[in-house]
Amino acid sequence: MEIAPLWVIENQWYDLSYLESRGISVDSLRQLTEGQTPIALLRRQNGSTEVQFRFVGIIANNSSVLYCVPKYTDKLPEIPDAELIDSFKATLSATLRATHTRLKSIGSQDFYRNDSSQTDHWLTTARALIYDFIRAGSYYSRVTTIGNDPYDEACWDETIASSLAMYKAGRPFYPEPFTHNQQLTCNSVIARLHHSILQDALDRLHGYDPLNALNIPRPVIPASIPITSLGSVTSLLHIIESESRRQFEDRKLKSLRLMSNYLRELPSPSRPERYLTIGTTSFHVVWETICSWYFRDELKEGKYRISSPIWNYHVSQPNGTYAEVSHFGNGTLIPDIAFRHQNRIYLIDAKYYVPRFEEEGIWNQPGATDIAKQYVYVAAIETLWPACHLHFNAFVFPLRHECNQDKQCSVRIRGSVFLPFGRLQSLPQIRIVEACPLTLINHYNQRTRHSKSALCALLGLSLIHISEPTRLL
């Protein structure tokens, strides 16, 4: 029976009774609350238990599937539509790409979340098996057939062992020697096992990801029977091991290793199935990565280094005097995004906040420390690039879906923020920029973006119309 996925929004609280009605129990959720970076939190509120998911991606086991969308999604439709599914697929694709290239602690198993769960290794193996089949096809093995065809090569060992010789002039003579014929076939035991494992992998993937948000191809596999019908896991591993000893082709050895790993990692009574997690608990870093691409960050290229703090202090000497020494301290302050164009510096800090700007006040905004840090970045960047001057300083927030009714809107200026004291008032105010996440995600996935001149022109155009959000196509 196909499992209907449950859609949830990151960081929102859900009543446990609602989740249990969809086949999710508190006992199964407890494993998601373990570890240094828990995926879920449980709390008691007004006499009931609530659950919060701090995760973007897929959470699944053999009885339930959860699709966790980013927190900037304010509302979910009662019935998931094509737009929501396509948006989630794009977001998940960007998340996996970012975790694979930058978050090694999250994506150490290929692009999957680092976890002790065997299912994470199983998923990586299943994906590799499918792509290996798409590239190279079925596993063909060489089968030797013994017969008496005079056109085949004589098999003297079998002939001498199984036939009576006739002697002529003292020499043995075999009128009908056995012959052997070697052919490639996909009907051998190992080939049928290959097809059964592939079909099992596709079936399990469909159960974990019924909407195929991972965009893993699902090729047509030749007719196969269940793995368990071919024998026990121990006997099947023995067959694979025997085949490996006779093989020398790299591709076939790789396929055999994947098949062996798949069988070893299947859930069993002695190793109960855990939740499978595909995604990240650190989507704020994914958002930073996406914005760094879209806004053409220059600092992550490794060509530029902002100085670490310098410590000047005195140390005592053997003669009773003190000497002054200087050393660099640990760490430094590096802005999320900085680029130059025509001697102008554009400084941008990607913030994974979802502020609410209301007439009565503002909520969920960065604190005073973040604002002060942005001014420190100005001094650091102007020291790094002394021939340039600051022109644009901004926070970039994801635009809430409910605000983005016009699907063509990609970036808009919402206002500005500054610290009203001292010389800081003479610096350009920090602009409040809202960017459509899906637009930036699509640019990131497709590796497309504006040129620097076009990007600066768009940002400059926006600055003219602060009171009215500007559409950037």
Side-chain angles (χ1 to χ4, degrees), residues 2-3 5 57-62 65 67 85-86 88-90 92-97 99-101 107-115 117-141 186-230 233 236-237 239-240 243-244 247 249-268 273-279 445:
E2 182 173 321
I3 301 172
I58 302 174
I59 303 174
N61 63 10
N62 59 354
V65 177
Y67 287 158
I85 295 172
D86 290 343
F88 180 70
K89 286 184 176 182
L92 185 60
S93 177
T95 299
L96 300 180
R97 180 173 190 163
T99 56
H100 180 60
T101 56
S108 61
Q109 286 296 326
D110 197 357
F111 53 57
Y112 302 107
R113 182 177 182 272
N114 185 20
D115 190 275
S117 168
Q118 290 291 333
T119 50
D120 288 333
H121 301 270
W122 168 85
L123 183 58
T124 303
T125 303
R127 176 178 176 270
L129 273 166
I130 292 170
Y131 278 102
D132 176 71
F133 173 77
I134 292 173
R135 286 191 296 267
S138 299
Y139 187 98
Y140 282 84
S141 58
C186 61
N187 292 320
S188 63
V189 173
I190 194 71
R192 292 198 300 271
L193 177 59
H194 183 221
H195 293 160
S196 296
I197 289 177
L198 284 168
Q199 191 61 56
D200 187 82
L202 288 171
D203 292 343
R204 288 178 178 271
L205 277 172
H206 183 67
Y208 286 128
D209 182 20
L211 299 179
N212 195 20
L214 287 170
N215 287 320
I216 295 178
R218 293 179 176 172
V220 177
I221 307 299
S224 61
I225 60 176
I227 294 177
T228 53
S229 299
L230 294 173
V233 171
L236 296 179
L237 288 173
I239 293 173
I240 295 175
E243 178 72 14
S244 299
Q247 276 298 341
E249 297 181 33
D250 289 340
R251 181 261 158 175
K252 290 186 176 180
L253 288 172
K254 176 185 176 182
S255 297
L256 292 170
R257 284 194 299 269
L258 289 172
M259 292 163 63
S260 177
N261 291 341
Y262 186 90
L263 292 175
R264 295 178 190 277
E265 293 157 5
L266 284 176
S268 66
E273 187 177 37
R274 291 171 57 89
Y275 269 109
L276 177 77
T277 55
I278 313 164
N445 288 338

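None of the values given here were measured: they were computed from a predicted structure.
Exactly one of Asn261, Leu202, Ile134, Ile197 qualifies for a side-chain contact (heavy atoms from CB on, under 4.5 Å) with Leu129. That residue is Ile197.
Of the possible polar contacts, none joining the Tyr139 side chain to the Leu193 backbone as a donor-acceptor pair under 3.5 Å is found. Looking only at distances, no side-chain donor or acceptor of Asp132 sits under 3.5 Å from a matching main-chain atom of Ser255. Under a 3.5 Å cut-off, the side chain of Ser196 and the backbone N or O of Arg192 do form a donor-acceptor pair. Not one N or O on the side chain of Ser93 forms a donor-acceptor pair closer than 3.5 Å with the backbone of Lys89.
Put simply, the side chain of Asn212 reaches to within 4.5 Å of the side chain of Asp209, judged on heavy atoms. Counting only heavy atoms from C-beta outward, the side chains of Arg218 and His206 approach each other to under 4.5 Å. A heavy-atom distance below 4.5 Å is not found between the side chains of Ile58 and Thr277.
Leu258 contributes atom CG, which lies 11.0 Å from atom CG of Leu253 (distance to the nearest 0.5 angstrom). His194 contributes atom NE2, which lies 7.0 Å from atom OG of Ser138 (distance to the nearest 0.5 angstrom). Arg251 CZ to Glu249 CD: the interatomic distance, rounded to the nearest 0.5 Å, is 8.5 Å. Taken from NZ in Lys252 to OG in Ser244, the straight-line distance is 12.0 Å, to the nearest 0.5 Å. In this structure, Leu263 CG and Leu230 CG are separated by 9.5 Å, a value rounded to the nearest 0.5 Å.
Nearest approach of Tyr262 to Ala126, heavy atoms of both residues: CE1-CB, 4.1 Å. Smallest separation of non-hydrogen atoms from Ser260 and Leu237: OG-CD2, 3.6 Å. Shortest non-hydrogen contact noted between Ile221 and Gln199 is CB-OE1, 3.5 Å. A pairwise comparison of heavy atoms in Gly279 and Leu96 identifies N-CD2, 4.4 Å as the closest pair. In plain terms, the two heavy atoms of Tyr131 and Ile216 that are nearest each other are OH-CA, 4.5 Å. Contact between Leu92 and Gly57 at its shortest, heavy atoms only, is CD1-CA, 3.9 Å.
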message = Under the criterion side chain to side chain contact (heavy atoms under 4.5 Å, CB included), I'd like the reasoning laid out for Val65 against Ile59: C-alpha separation, chi angles, the key distance, then a yes or no.
response = CA-CA 6 Å; Val65 177; Ile59 303 174; over 6 Å; no

ask   = Can you list the steps and then say if Met259 with Ile190 is a side chain to side chain contact (heavy atoms under 4.5 Å, CB included)?
value = CA-CA 10 Å; Met259 292 163 63; Ile190 194 71; 4.1 Å; yes

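A salt bridge links Arg204 with Asp200: the closest approach of a Lys/Arg side-chain nitrogen to an acidic carboxylate oxygen falls below 4.0 angstrom.
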